[in-house]
Amino acid sequence: MITLIVETAGRRQPFVFPQDAIAIGRNEDNDLRVGSRFVSQHHCRLERLAKGWKIVDLKSQNGTRVNGVEITQKMLRSGDRIEIGHVNIWLEEAPDEHTEPLEVAADEVTPAQIDAPIVSSRGDGGTRGALGDDLHRVMIGYRKTFGDERGLVEVERAVTEQSARVFPRAAFSTPADAARLLEITKAINSELNLKRCLTLIIDSMIALTDAERGFLILHEEDGRMKVSVARNFDRESVTRAELKFSRSIADEVGSSGKAVISTSAQDDRRFDSYQSVGDLKLRSVLCVPFRIRERVIGVLYLDHRFRKGAFTEKELELVSSFADPAAIAIENARLYEENQRAQEELITRQREVDELNALLSSKLEEKEIELARFRSHAPQKEDFRFDYSFIIGDSPRMLEIFQLLERVIPADVPVLVTGESGTGKELIAKAIHVNSNRHDRPFVKENCAAIPETLLESELFGYKKGAFTGADRDKIGLFQQADGGTLFLDEIGEMSLDMQKKLLRVLQENEIRPVGARETLKIDVRLVSASNRNLKEEIGLGGFREDLYYRLNVIAIEMPPLRERLEDIPLLVDHFLGRFATQMKAPKKSIDESAMRHLLAYHWPGNVRELENEIQRACAIGGEVIGADDFSPDIRATRPASLPASGKKESHWKDIVKMTAQQKEREMILKALEENGWKKAAAARALEISRPTLDAKIKSFGLEPYLRRGKKGGA
């Protein structure tokens, strides 16, 4: 038989166990259950040996300590202190200690304990006893039968019903004032008209506190406080409300965030300097702040000019408990009305855009990009030395990327790939690897943002057995795994400054040191990194090391967003349709012309990844031919006659005209070049512009690859 003395929240409680092995942990099947988030399901075990008791840690998350020292297993002596999370357990006897209770001032609030463990044992006859164990088993039955949420509801219902039969009143009964507050809270939260919501709040508080008048005073955008609604006990509006309350009291509560209550304001020395109190002959005053996440948005001011002591601590508690949900209801009503106004404004602007699109349609004869005609004259992927077949796209911007890769791949130097999320940066890293002389070695990739900072070092460089708790074997890091090959580090801008320093040393010395190791290991790795952040701006903000940036940015490749290579959308759509048909083992679907025009008009903030998700969604819900109605609302809302916006939420109509004109101008130049045998001088004459102007336009619109392909085909 052994006695364990457990201390929680300053209280000590003995537990006696007759068996030779005692399991301790958070799970219900332990002999000693410790309900704490710092204790593992099965934390440790005590075992009786011939020479005494031994404690064994069961690979717990936070470890087990004996007399302040972390252990894996240890022989125990009487009086030893076992530490599990925030719980102290003594073997057989505990030291005599006495702690004086802290004196808490009347206006102080004792903070809640971070972790209040609940300790019990099997067959516990102490705190809960047999009745508690019976109730525990009943609740387990409810949880197994109904699940977590419904099980709790059913338990409360059953306890309420049964307690009403046994005790003088039912459990969980709600006091009358609390019930009224609950009804008022439900009413104001269902009212989305701001004026009616404010009026309902004031009328309810006047009735609940038996006040004479009430004023709801809210902060304006300029910071000043203004009466939003003022009412009296007859539910009538107070005229000239700005002159009928003490602005000094309201300002004090609004700035300090502390409620004020006075049974006789004229006799209250706190208000001696407030002239408005004397002028208004105020008696009872109650003023409470309205907060939203620690921000005071206004105050509720109640008064009674004819009765002293109209408000007590009871009214203060009622109004204070109502203030936070009332503030949320006000904010919800305010946001709803702002959204309504924004919606009306959006409808007005949409009407203007529709009228503009109609005007543009009447002036522009051709409304679509003639992708197929011009693609026939563009350079083909087959013309390049390396294989880029797994990268979908042959737009001018992508051809420029391929031309740069032709020079980058053999160089065997670090490459930094930048661009928005979803543009295909990982595919560029793959192209660099599979086409390089390292193609027969590993291609290892990792997202730096997906690994906690504390684990990133061991993930990249590996670790030795025993380097830290839980390191029970050697682990090879990503650099060592990629030795001789290519390592792709995505989202490198998310790496901490300390980790950046360690990575810089690796790049400088071409060697790594696993965590816990003394020796360094030589490595031969080509590093390709990627980021959707502007690392130069991060350097200025102190978030990225400048020396590391120049180590990574030996060669930079910037991936264009999808809105800048619209020509690739039909190819990407066809690729995704084929892939999803294979995955679903179904015939390949097609897409109608109207749906394609919607895709070409959308601005694609999520780039290729968003397009892939959209096609997958359309394949799942659409028929054999995908139409515009199969797309998400944002894409259906686009107007096929207009070009994609630049990413701003509210583009001015002049910007739409400019973008549409630029796209049309690009098409006209390509058409003129084609009709004139790709001779720039003849095309310039046909367009009635100068040769230098045409050269500038060709460069601006990225048409050089089309021009080279056209001349090659003509030759």
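If you're wondering where the values come from, they're calculated on a predicted model, not measured in any experiment.
Note that the SG atom of C44 and the CD1 atom of I55 stand 4.0 Å from one another [nearest 0.5 Å]. Considering CD of E453 and CG of L497, their distance stands at 9.0 Å, rounded to 0.5 Å.
When atom types are taken as modelled, the side chain of N607 and the backbone of R609 share no donor-acceptor pair closer than 3.5 angstrom. Of the possible polar contacts, one joining the R526 side chain to the V413 backbone as a donor-acceptor pair under 3.5 Å is found. Between the side chain of E610 and the main chain of G606, a donor-acceptor pair closer than 3.5 Å is present. Distance alone, capped at 3.5 Å, places no donor-acceptor pair between the S529 side chain and the L416 backbone. For the pair N67 (side chain) and R81 (backbone), a donor-acceptor distance under 3.5 Å is present. Within the 3.5 Å criterion, the main-chain N or O of K59 finds a donor-acceptor partner in the side chain of D57. Side-chain atoms of S436 come within 3.5 Å of backbone atoms of H433 as a donor-acceptor pair (strictly under, hydrogens ignored). Not one N or O on the side chain of E446 forms a donor-acceptor pair closer than 3.5 Å with the backbone of D490. At least one donor-acceptor pair under 3.5 Å links the side chain of S190 to the backbone N or O of K186.
In this structure, T3 and F17 have side chains that are not in contact, with every pair of non-hydrogen atoms separated by 4.5 Å or more. Using a 4.5 Å heavy-atom threshold, the side chains of V415 and V417 count as touching. Side-chain atoms of L527 and L507, non-hydrogen and from C-beta on, do get closer than 4.5 Å to each other. A 4.5 Å side-chain heavy-atom check between R26 and V34 finds every atom pair outside the cut-off. Counting heavy atoms from C-beta outward, K51 and M75 have side chains that approach closer than 4.5 Å. Looking at I328 and E331, their side chains never come closer than 4.5 Å, going by heavy atoms from C-beta outward. Looking at heavy atoms from C-beta onward, L478 lies in side-chain contact with Q481 at the 4.5 angstrom threshold. Residues R33 and N27 form no side-chain contact, since every pair of their non-hydrogen atoms from C-beta on lies 4.5 Å or further apart.
With a 6.0 Å radius and a threshold of 12 heavy atoms from other residues, nucleotides or ligands, R579 has its CZ atom above the threshold. Within 6.0 Å of CD on Q508 lie more than 12 heavy atoms contributed by other residues, nucleotides or ligands. Applying the 6.0 Å contact sphere to CD of E47 captures more than 12 heavy atoms from other residues, nucleotides or ligands.
At a threshold of 4.0 Å, the pair K464-D474 counts as salt-bridged, since one of the basic side-chain nitrogens sits closer than that to a carboxylate oxygen. Ion pair K258/E252 not flagged as a salt bridge, since none of the NZ, NE, NH1 or NH2 atoms sits closer than 4.0 Å to an Asp/Glu carboxylate oxygen. The residues E161 and R157 are annotated as salt-bridged, a charged nitrogen and a carboxylate oxygen being separated by less than 4.0 angstrom. Using a cut-off of 4.0 Å between Lys/Arg side-chain N and Asp/Glu carboxylate O, E538 and K536 are scored as not salt-bridged. Looking at E509 and K522, no side-chain N of the basic residue comes within less than 4.0 Å of a carboxylate O on the acidic one, giving no salt bridge. Checked for salt-bridge contact, D412 and R438 meet the test: a charged N lies under 4.0 Å from a carboxylate O.
Below 30°, between 30° and 60°, or above 60°: for F443 and F488 the angle between ring planes is below 30°, a parallel geometry. Between Y549 and F544, the angle of the ring planes goes over 60°, which puts this pair in the perpendicular group of the 30/60° scheme.
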query = Yes or no on side-chain hydrogen bond (donor to acceptor under 3.5 Å, both in side chains) for Q61 and S40, after CA distance, side-chain angles and deciding distance?
reply = CA-CA 6 Å; Q61 183 174 359; S40 299; 5.2 Å; no

inquiry  = Evaluate D29 against H42 for side-chain hydrogen bond (donor to acceptor under 3.5 Å, both in side chains), listing each step before the verdict.
reply    = CA-CA 9 Å; D29 60 0; H42 298 92; 3.0 Å; yes

task = Report the C-alpha distance between S320 and E317 in whole Å, list the side-chain angles of each, state the deciding distance to 0.1 Å, and finish with yes or no for side-chain hydrogen bond (donor to acceptor under 3.5 Å, both in side chains).
result = CA-CA 5 Å; S320 297; E317 184 179 353; over 6 Å; no

inquiry  = For a side-chain hydrogen bond (donor to acceptor under 3.5 Å, both in side chains) check, start with the C-alpha distance between N532 and E420, then their side-chain angles and the critical distance, and finish with the verdict.
reply    = CA-CA 5 Å; N532 59 14; E420 297 177 8; over 6 Å; no

task = Could you walk me through whether Q480 and L521 pass side-chain contact (heavy atoms from CB on, under 4.5 Å), step by step?
result = CA-CA 8 Å; Q480 198 171 352; L521 301 173; 3.6 Å; yes

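The two atoms that bring D483 and R441 nearest to each other are O-NH2, 3.2 Å, heavy atoms only.
Here the rule is salt bridge (Lys or Arg N to Asp or Glu O under 4.0 Å) with E457, and of K475, R505, K502, R513 only K502 fits it. For the side chain to side chain contact (heavy atoms under 4.5 Å, CB included) with I82, the lone residue among I24, N88, L76 that qualifies is L76.
Under the 6.0 Å distance and 45° angle rule, R77 does not count as a cation-pi partner of W53.
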